[in-house]
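Single-structure report; data block below.
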2 protein chains.
Amino acid sequence: MTDILIIEDNEDLGQLLADLMRREGFSVSLAKSAEEGLELLGQEVFRLLLLDVMLPGRDGFEALSEIRRSRDMPVIMMSAMTDDDSKIKGMEIGADDYIDKPFSFPVIASKVKALMRRTYERVTEKELLTACGITVDTGARRAYKDGKEIGMNGKEYDLLVYLMRHKGQALSKEVIFNAVWGEDCCSELASLSVYISWLRDKIEDDPKKPRLIQTVYRVGYRFGDGQ
Amino acid sequence: MTDILIIEDNEDLGQLLADLMRREGFSVSLAKSAEEGLELLGQEVFRLLLLDVMLPGRDGFEALSEIRRSRDMPVIMMSAMTDDDSKIKGMEIGADDYIDKPFSFPVIASKVKALMRRTYERVTEKELLTACGITVDTGARRAYKDGKEIGMNGKEYDLLVYLMRHKGQALSKEVIFNAVWGEDCCSELASLSVYISWLRDKIEDDPKKPRLIQTVYRVGYRFGDGQ
DNA sequence: CCATAACTTAAGATTAGTTTAAGGTAGATA
DNA sequence: TATCTACCTTAAACTAATCTTAAGTTATGG
């Protein structure tokens with residue numbers, strides 16, 4: 001199975017799009033005509049189609065009608081025809097989205113991701129926070145140190161994520177506490193130092209000489225190895 | 001159940017949109033602020049949300065984050081900010097589409113219809129989900145563990161499929177419950193843990209030490225053996 | 001070297017999650 | 001229609017994880 005099929009006759013643009021999508025982590029195949037694209041669709045399963053409207057031979061609309069006879073895959077059409085009628089025509093034939101050329105790459109990437117999410121039920125965007133040998137996968141709610149998972153409980157995890165999102169900044173205890181525990185929380189600020197201690201045990205090479213979570217005397221803490 | 005909720009502070013535009021959607025055959029409710037919209041979302045089930053970005057009080061991005069904590073409903077954002085950054089921001093928070101103001105009514109109508117189609121009328125294509133020794137044949141609605149069929153009832157099956165489609169992700173109990181039981185379901189969230197328990201009995205090697213369905217304390221569950 | 005701040009530990013309280021079983025409901029069957 | 005069956009929900013008792021507190025210890029800066 002391949003993630004994305006791009007049907008685009010302009011070879012440069014096709015390659016550029018393919019590279020972009022690969023950089024976003026998708027596997028990609030490229031076809032230069034409707035015929036070639038349909039051929040590929042018959043041979044293999046694709047999760048999403050990026051379909052140019054203006055193609056030599058059969059155009060994108062015809063190709064989409066053909067595809068919709070047997071498949072319900074997500075399709076985004078791309079075209080230089082910015083008039084509303086072609087957009088509507090594409091959507092009525094069964095496209096999921098329509099994007100005008102020229103398009104911004106980040107925008108088309110976000111459209112592809114949103115449609116993948118909606119179709120294949122990926123609820124959360126995969127986000128990886130990395131710093132100083134620590135990686136946090138916020139979608140999975142898991143953290144790793146040098147590739148090995150760090151087992152931690154909810155508050156430890158929330159605290160680590162907060163510190164990593166603000167790495168390099170000296171954060172006051174009050175700010176950290178309010179962010180992690182919530183402002184209306186009834187518990188004591190003292191809990192913070194307890195959690196800091198537990199976190200250090202788990203992520204520092206030498207918890208006695210913390211490098212990742214540094215104490216800022218009379219203020220709070222700072223995440224980062226200080227270079 | 002109502003088809004569409006429109007959150008739009010400009011009263012004239014909101015009414016116009018509502019009329020348009022009604023003419024397309026949808027039932028519509030209208031809210032003039034994020035707060036009012038969230039209130040309505042709490043009381044009733046909507047199939048799709050049209051969300052303005054610039055709102056008094058909490059803006060559309062904040063409202064969307066709030067909604068995504070418990071719901072995976074389709075959302076189209078609308079904004080006069082045509083810069084790519086806001087589009088991308090909206091999509092990353094979890095919007096399905098983004099439309100610039102001013103928009104053509106036929107275009108927004110076709111977008112709504114396309115997203116409704118994708119979300120609710122999807123032909124369930126046959127699919128083989130495989131992970132961690134469990135295989136589910138969604139065409140046949142059967143599941144197997146190491147090649148042997150696992151006998152399970154409807155809810156157990158739905159739950160397993162949902163978890164497997166999101167393997168590796170930490171999913172909140174609310175999200176799982178809403179996805180599997182349906183948002184307008186009258187039963188209690190507590191049912192979820194009962195079903196989790198039954199599923200574990202059937203798919204885990206050692207149900208006392210679950211590896212496939214992991215508990216994410218204070219959040220929900222995660223499917224996957226953690227590599 | 002003192003006063004204050006931060007760290008660590010462990011125990012108990014609290015909250016969350018699991019499991020069982022009983023009762024209800026709807027659809028199937030006779 | 002009556003009965004049966006499978007499925008689903010709920011409640012309650014039980015178990016486990018996490019959180020807070022407090023007290024003793026160690027570190028820091030003037």
Side-chain angles (χ1 to χ4, degrees), chain A residues 141-143 150-163 170-182 184-204 206-223, chain B residues 141-143 149-163 170-204 206-223:
Chain A
R141 243 186 117 84
R142 290 177 142 168
I150 309 163
M152 53 176 89
N153 64 34
K155 278 267 155 56
E156 288 169 353
Y157 173 87
D158 291 341
L159 178 56
L160 176 62
V161 168
Y162 186 80
L163 293 174
L171 300 160
S172 78
K173 289 185 188 185
E174 285 76 15
V175 166
I176 299 171
F177 186 80
N178 284 335
V180 176
W181 270 256
D184 49 353
C185 175
C186 54
S187 71
E188 294 286 327
L189 195 61
S191 299
L192 176 59
S193 65
V194 175
Y195 274 86
I196 291 286
S197 170
W198 289 338
L199 250 190
R200 281 175 173 157
D201 280 345
K202 293 179 182 183
I203 69 172
E204 298 283 355
D206 178 3
K208 293 280 164 198
K209 295 199 183 64
R211 285 184 348 111
L212 300 184
I213 301 177
Q214 302 155 23
T215 299
V216 184
Y217 198 80
R218 285 173 163 281
V219 177
Y221 302 93
R222 182 197 308 120
F223 186 92
Chain B
R141 239 186 121 83
R142 283 160 183 258
E149 185 168 1
I150 309 164
M152 55 175 89
N153 63 36
K155 279 266 154 56
E156 288 169 352
Y157 173 86
D158 291 342
L159 178 56
L160 176 63
V161 168
Y162 188 79
L163 293 174
L171 299 161
S172 79
K173 283 181 279 199
E174 284 77 14
V175 165
I176 299 171
F177 186 79
N178 284 336
V180 175
W181 271 256
E183 310 214 351
D184 50 353
C185 174
C186 53
S187 70
E188 293 286 326
L189 196 60
S191 299
L192 175 59
S193 63
V194 176
Y195 273 85
I196 290 285
S197 172
W198 290 339
L199 251 189
R200 282 177 172 157
D201 280 344
K202 293 179 182 184
I203 69 171
E204 297 282 355
D206 178 2
K208 293 281 163 197
K209 295 198 182 65
R211 284 185 350 112
L212 300 184
I213 302 177
Q214 301 156 22
T215 299
V216 184
Y217 204 86
R218 290 183 135 237
V219 177
Y221 301 93
R222 176 175 49 216
F223 187 93

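Lettering of chains follows the sequences in order, A, B, ..., and the numbering in each one begins at 1. Keep in mind that this is a model prediction, so the values were computed, not measured.
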Return the value, rounded to whole Å, for the distance between atom CG of B:Leu192 and atom P of D:dA11.
-> 16 Å
Roughly, in whole Å, what's the span from CZ in B:Phe177 to P in C:dG17?
-> 15 Å
Could you state the CD-P distance from A:Glu156 to D:dT20, rounded to the nearest angstrom?
-> 12 Å
Return the set of residues passing side chain to side chain donor-acceptor pair (under 3.5 Å) with A:Thr215 (not counting sequence neighbours), or none when no residue passes.
-> A:Arg200
Does A:Ser191 place a side-chain N or O at less than 4.0 Å from the phosphate oxygens OP1/OP2 of D:dC19?
-> no
Which residues share a salt bridge (charged side-chain N to carboxylate O under 4.0 Å, His left out) with B:Arg218, sequence neighbours left out | none
Please name the pair of heavy atoms, one in A:Leu163 and one in A:Phe223, separated by the smallest distance, quoted to 0.1 Å.
-> O-CB, 3.6 Å
Just jot down the salt bridge (charged side-chain N to carboxylate O under 4.0 Å, His left out) partners of A:Asp201, sequence neighbours excluded, or say none.
-> none
Do side-chain atoms of A:Lys173 reach the backbone of A:Leu189 as a donor and acceptor pair under 3.5 angstrom?
-> no
A:Leu199 CG to C:dT8 P: how many Å, rounded?
-> 12 Å
Under 3.5 Å between N/O atoms: give me all the protein pairs with nucleotides 1-6 of chain C, atom names plus distance.
residue	atom	partner	partner atom	Å
C:dA5	O4'	A:Tyr217	OH	3.3
C:dA6	OP1	A:Arg218	N	3.0
C:dA6	OP2	A:Lys173	NZ	2.8

Sequence-distant partners of B:Glu149, side chain to side chain donor-acceptor pair (under 3.5 Å), two or more places apart | B:Arg142
Are the side chain of B:Glu204 and the backbone N or O of B:Lys209 linked by a donor-acceptor pair below 3.5 Å?
-> no
Mapping B:Pro207 and A:Asp201 onto DNA chain C by nearest heavy atom, which one lands closer to the 5' end?
-> A:Asp201
Contact nearer the 5' end of DNA chain D, comparing A:Val194 with B:Val194 | B:Val194
With sequence neighbours excluded, what pairs up with A:Tyr162 under the side chain to side chain contact (heavy atoms under 4.5 Å, CB included) test?
-> A:His166, A:Leu171, A:Val175, A:Ile176, A:Ala179, A:Val180
When rounded to whole Å, the CH2 to P distance for the pair A:Trp181 and D:dT20 reads 7 Å
Listed partners of A:Arg141 passing salt bridge (charged side-chain N to carboxylate O under 4.0 Å, His left out), at least two apart | A:Asp158
To the nearest Å, give me how far apart CG (B:Asp206) and C1' (C:dT18) are.
-> 14 Å
Axial bend angle, the helix from C:dC1-D:dG30 to C:dA30-D:dT1: five-pair end segments, nearest 10° | 30°
Grab the N/O contacts between the protein and nucleotides 5-7 of chain D below 3.5 Å, and write none if there aren't any.
none

Atom CG of B:Leu189 and atom C1' of D:dC8: how far apart are they, to the nearest Å?
-> 15 Å
Partners of B:Tyr195 by ring pair (Phe, Tyr, Trp, His ring centres under 6.0 Å), sequence neighbours excluded?
-> B:Trp181, B:Trp198
Return the value, rounded to whole Å, for the distance between atom NZ of A:Lys209 and atom P of C:dT8.
-> 12 Å
Sequence-distant partners of B:Tyr157, ring pair (Phe, Tyr, Trp, His ring centres under 6.0 Å), two or more places apart = none
